[in-house]
Amino acid sequence: MKGDKSGRKGQLSVATEVFEVAPSLHVVELRKTGGDTLEFHKFYKTFSSGLKDVVWNTDGAAQDHKV
């Protein structure tokens with residue numbers, strides 16, 4: 001993923017790791033590595049809502065993401 005505009009604290013940087021839990025189950029971790037926290041929250045909300053049809057969440061898991 002690559003962005004083309006800077007936020008108020010520079011360009012947002014996001015690290016992504018994909019873990020294979022089972023052959024048909026993967027966990028994706030997104031972590032802010034630079035830039036503004038508010039911009040990351042906006043990015044995360046847009047990103048995760050775009051995946052709503054393929055993401056499985058337990059109750060409350062969407063609010064428990066770490067920044």
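Starting from 1, each residue takes its place in the sequence as its number.
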Hydrophobic cluster identity match, Leu51 and Phe43, side-chain contacts under 4.5 Å | yes

Is there a path of hydrophobic side-chain contacts, each under 4.5 Å between heavy atoms of I/L/V/M/F/W/Y residues, joining Val18 to Leu30?
no

_I'd like to know if Lys32 and Glu39 make a salt bridge, using a cut-off of under 4.0 Å between side-chain N and carboxylate O._
no

Is it the case that one hydrophobic cluster holds both Phe47 and Leu12, taking links as side-chain heavy atoms less than 4.5 Å apart, direct or via other members? yes

When rounded to the nearest 0.5 Å, the distance separating OG1 of Thr33 from CZ of Phe40 is 9.0 Å

